[in-house]
There are 2 protein chains.
Amino acid sequence: MSVTLKDVAQAARVSVSTASRALTGTGLTSERTQQRLVRIARELGYRPNPIARGLKTGQSRLVALLVHNLTNASFQVMAEVVQARLKALGYQMLLCIGGDDPQQESDTLTTLVDHRIDGLIVVPTGKNGPQLKALSKDVPIVCLVRRDDATDLETVLADDPQGAYLGTRHLIELGHKRIGLIVGRQDTTSGRERLSGYVRALREAGIARDDTLIHAGHFEPETGATCARKLLDLPRPPSAIFVANHEATLGVLRVTAERNIAIPDDLSLLCYEDMPWFEWHRPAISIVDNGARDLANLAVDRLLHRMDKGNGNDGVREYRVGARLIKRDSCRQIDAQVPAKSAKSKSSSSKSSAAKSAKV
Amino acid sequence: MSVTLKDVAQAARVSVSTASRALTGTGLTSERTQQRLVRIARELGYRPNPIARGLKTGQSRLVALLVHNLTNASFQVMAEVVQARLKALGYQMLLCIGGDDPQQESDTLTTLVDHRIDGLIVVPTGKNGPQLKALSKDVPIVCLVRRDDATDLETVLADDPQGAYLGTRHLIELGHKRIGLIVGRQDTTSGRERLSGYVRALREAGIARDDTLIHAGHFEPETGATCARKLLDLPRPPSAIFVANHEATLGVLRVTAERNIAIPDDLSLLCYEDMPWFEWHRPAISIVDNGARDLANLAVDRLLHRMDKGNGNDGVREYRVGARLIKRDSCRQIDAQVPAKSAKSKSSSSKSSAAKSAKV
DNA sequence: AGCGTTTCTGCAATCGTTTGCAGTCTATCG
DNA sequence: CGATAGACTGCAAACGATTGCAGAAACGCT
């Protein structure tokens, strides 16, 4: 069907091997033949067959990125970054969606190595450590965003302790003393680390940790709703909620809408990780930015390094990418002892506007 | 490195060919050897090498999905649907991001066929018709969401004329007479079709078409902002805006926020295609749903059909997936002749709440 | 027992490359 | 001028599977 190396060789009246050598640019052919073959190849529209090449060389020019989903904005930008970077280097990205499900992850992983991918960037579920470890002998692997504790794979992480600390401190500086935390499962790195950052900020400010204010749960909107309800039903509800579980955000917003809770007047809200619409939301939602773009870039850097410098163990196993606070309008200063409600007279008007659209 | 067919054959003391036949399940081996080989293969952990197989058979078990980006929620769900469906059939999805850029699309396409993908679902830019047409001889291709007019490829489309009609009619039924339309580039199918649906609804209702209310532009938030400004600066601004260009939505929202325009009190807003957060936005945004999930499913159906029933021309070339209206809270009934403003006294309170968060 | 089928198996070629090895040719040097 | 190194080139064997063809074994039939 398509034109093969043999065709090119024939057209140029040389052997296939010479053609191969000329076109792959090993310096083993004379300048003249080299150029002649390149020309002829172009004229004929020759495109090397990566499959055949792969069979011989054991490489595929395919690099896989395995993420949990595409709904998460961070994963979107990561995918786009990875794709762009790889493409520039002649690799194709194989984007896989694992749904944060160990079984799916495991299946996908085997398919991928079957396909002889040249490298893998993975957001691990954390439940397939042994498999990942085994595979990492055949394929360079870099973990992203989460660590898989059962492995010693090179890992690029957001600086979650720092991010959570920054966020919590921001709320504290605004005068909040009772800060609700909705955080991810505690069997994930990010879940634990964000909690620890929160705790640290509290401790530094001399605020006692109150476990009724801390809720950890699965990465789903429904979880966010449940946790928010629990927090708001407390005898002394928090004056601010830090949603450090990205997927939970929508759930929290639903609950505040349902209950006509005005943000930031009745409740300050701070979220982790940006979404494109946070900025346009009313009020615009303040966030701790985990630096998805930087994370992805670094992961690619590390992977490429492994791919051509060899897949060995070299010192560093963990990289951290700094987080930063982006202040928008969902957190407000509260006056020392006064309960959140009677801050400015405005709150009633915003309550009414909330009521308008609460009937979801 | 990994265990090959030869290893299995040796272990079973048969020839490679027998092993191959037994494991691929052609009925050409005896029941006994068949089972024996399957067992041995499992014991040894044999996994067929898709590359080697591909070289011989010309197939890769890879199916590509080429979309513009992943920010668009429709593309997200499509990707997830396609991935799930294909995976169940033993294919790997190659997700590619073309950025709606003809050059990138073209590059990606050639890489993909180089990799001998078994099928392709593509959201075409519309600028690479000839190339697509040529490739479609080698690979089954199904176009999604947009038609490439230079080809006669099988295409799965949203029913945009119908969707735009439905949306516009909804606004008309609410009493709107001046309805602004922000729509996509008129050199895309969807752009043209949505415009035509809008026009049809107007005509049916006996409302004269006013071209100052119609703005077509690129698929970017910035475009949305520009168009929105133009509409709102009109001597007689519209009482409703139909944003039939998904990417433009954020831009429109920005402008309404900047200008403290309350939705739906001062302006009704209807958008095309859902985003996960529309429902939680205040007010929740009414939409015309293009049925992304159905579209993706149908595209996969058609592709699979081509992939095993042959890549020939069979009658139907265009499939339409119905659109439907989802009413939420961003559109309001307006009173016959009275200008939008003085509807209910509420508008002032909502204005103030808008003001609070406008300082983005 | 002899013969024709049917059923199973193995040999070897093939897919399109890459690559070790050996051979050819030219140029250089003594 | 002959020897020899050096620069190119071609042959053929891989890579790991699939598959046409032919031979072998087993079976049924007369």
Side-chain angles (χ1 to χ4, degrees), chain A residues 1-38 40-41 44-62 90 110-111 113-118 138-139, chain B residues 1-38 40-41 44-62 90 110-111 113-118 138-139:
Chain A
M1 181 118 293
S2 62
V3 22
T4 96
L5 192 53
K6 199 161 116 192
D7 301 331
V8 179
Q10 254 161 19
R13 323 195 135 275
V14 295
S15 72
V16 195
S17 15
T18 313
S20 169
R21 280 188 276 251
L23 295 179
T24 50
T26 64
L28 296 166
T29 68
S30 71
E31 192 79 0
R32 262 172 40 79
T33 24
Q34 153 99 351
Q35 293 185 351
R36 197 162 60 96
L37 276 164
V38 169
I40 298 190
L44 262 49
Y46 168 71
R47 315 228 73 223
N49 179 336
I51 307 228
R53 180 180 303 194
L55 178 56
K56 183 70 197 184
T57 62
Q59 318 222 295
S60 58
R61 306 250 84 188
L62 252 33
T110 49
T111 328
V113 287
D114 281 355
H115 276 285
R116 301 298 188 274
I117 49 168
D118 291 348
D138 295 345
V139 183
Chain B
M1 178 119 289
S2 63
V3 24
T4 97
L5 191 53
K6 198 160 116 192
D7 302 330
V8 179
Q10 254 159 21
R13 320 193 137 277
V14 295
S15 71
V16 196
S17 14
T18 314
S20 168
R21 279 187 277 250
L23 295 178
T24 49
T26 63
L28 295 166
T29 71
S30 71
E31 194 79 0
R32 263 172 37 79
T33 24
Q34 153 100 352
Q35 292 184 352
R36 197 162 59 94
L37 276 163
V38 170
I40 298 189
L44 264 50
Y46 167 72
R47 314 227 73 226
N49 179 335
I51 305 228
R53 195 199 303 249
L55 178 56
K56 183 67 196 185
T57 63
Q59 318 223 294
S60 58
R61 307 248 84 188
L62 252 32
T110 49
T111 328
V113 289
D114 280 354
H115 276 284
R116 300 301 189 269
I117 50 168
D118 291 347
D138 296 343
V139 183

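So you know, we letter chains A, B, ... as the sequences are listed, proteins then strands, and number each from 1.
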Colleague: What bend angle does the helix from C:dA1-D:dT30 to C:dG30-D:dC1 show across its length, from five-pair end axes and to the nearest 10 degrees?
Modeller: 60°
Colleague: Can you list every salt bridge (Lys or Arg N to Asp or Glu O under 4.0 Å) pair that touches residues 45-55 of chain B, not counting sequence neighbours?
Modeller: A:D114-B:R47
Colleague: What residues form a side chain to side chain contact (heavy atoms under 4.5 Å, CB included) with A:L62, not counting sequence neighbours?
Modeller: A:S60, A:Q92, A:L94, A:I117, B:L62, B:H115
Colleague: Who pairs with A:R61 by side chain to side chain donor-acceptor pair (under 3.5 Å), at least two apart in sequence or on another chain?
Modeller: A:Y91
Colleague: Among all residues two or more places apart in sequence or in another chain, which pass the side chain to side chain contact (heavy atoms under 4.5 Å, CB included) test with A:Q59?
Modeller: A:T57, A:D118
Colleague: Listed by chain and number, what are the side chain to side chain contact (heavy atoms under 4.5 Å, CB included) partners of B:A41, not counting sequence neighbours?
Modeller: B:V8, B:L23, B:Y46
Colleague: A:S30: which residues meet the side chain to side chain donor-acceptor pair (under 3.5 Å) condition with it, sequence neighbours left out?
Modeller: A:T33
Colleague: Return the value, rounded to whole Å, for the distance between atom CD of A:Q34 and atom P of D:dA7.
Modeller: 16 Å
Colleague: Got a sec, which residues hit side chain to side chain donor-acceptor pair (under 3.5 Å) with A:S17, two or more places apart in sequence or on another chain?
Modeller: A:S15
Colleague: Quick one: side chain to side chain donor-acceptor pair (under 3.5 Å) partners of B:R21, sequence neighbours excluded?
Modeller: none
Colleague: Heavy atom of residues 45-62 of chain A under 4.0 Å from DNA chain D: which residues?
Modeller: A:L55, A:K56
Colleague: Atom CG of B:L5 to atom P of D:dT18: distance rounded to whole Å?
Modeller: 7 Å
Colleague: Residues two or more places apart in sequence or in another chain: which of them pass side chain to side chain contact (heavy atoms under 4.5 Å, CB included) with A:A12?
Modeller: A:V14, A:R36, A:L37, A:I40
Colleague: Pairs under 3.5 angstrom, nitrogen or oxygen only, protein versus nucleotides 20-27 of chain C, please.
Modeller:
| unit_1 | atom_1 | unit_2 | atom_2 | d |
| --- | --- | --- | --- | --- |
| C:dG20 | O6 | A:R21 | NH1 | 3.3 |

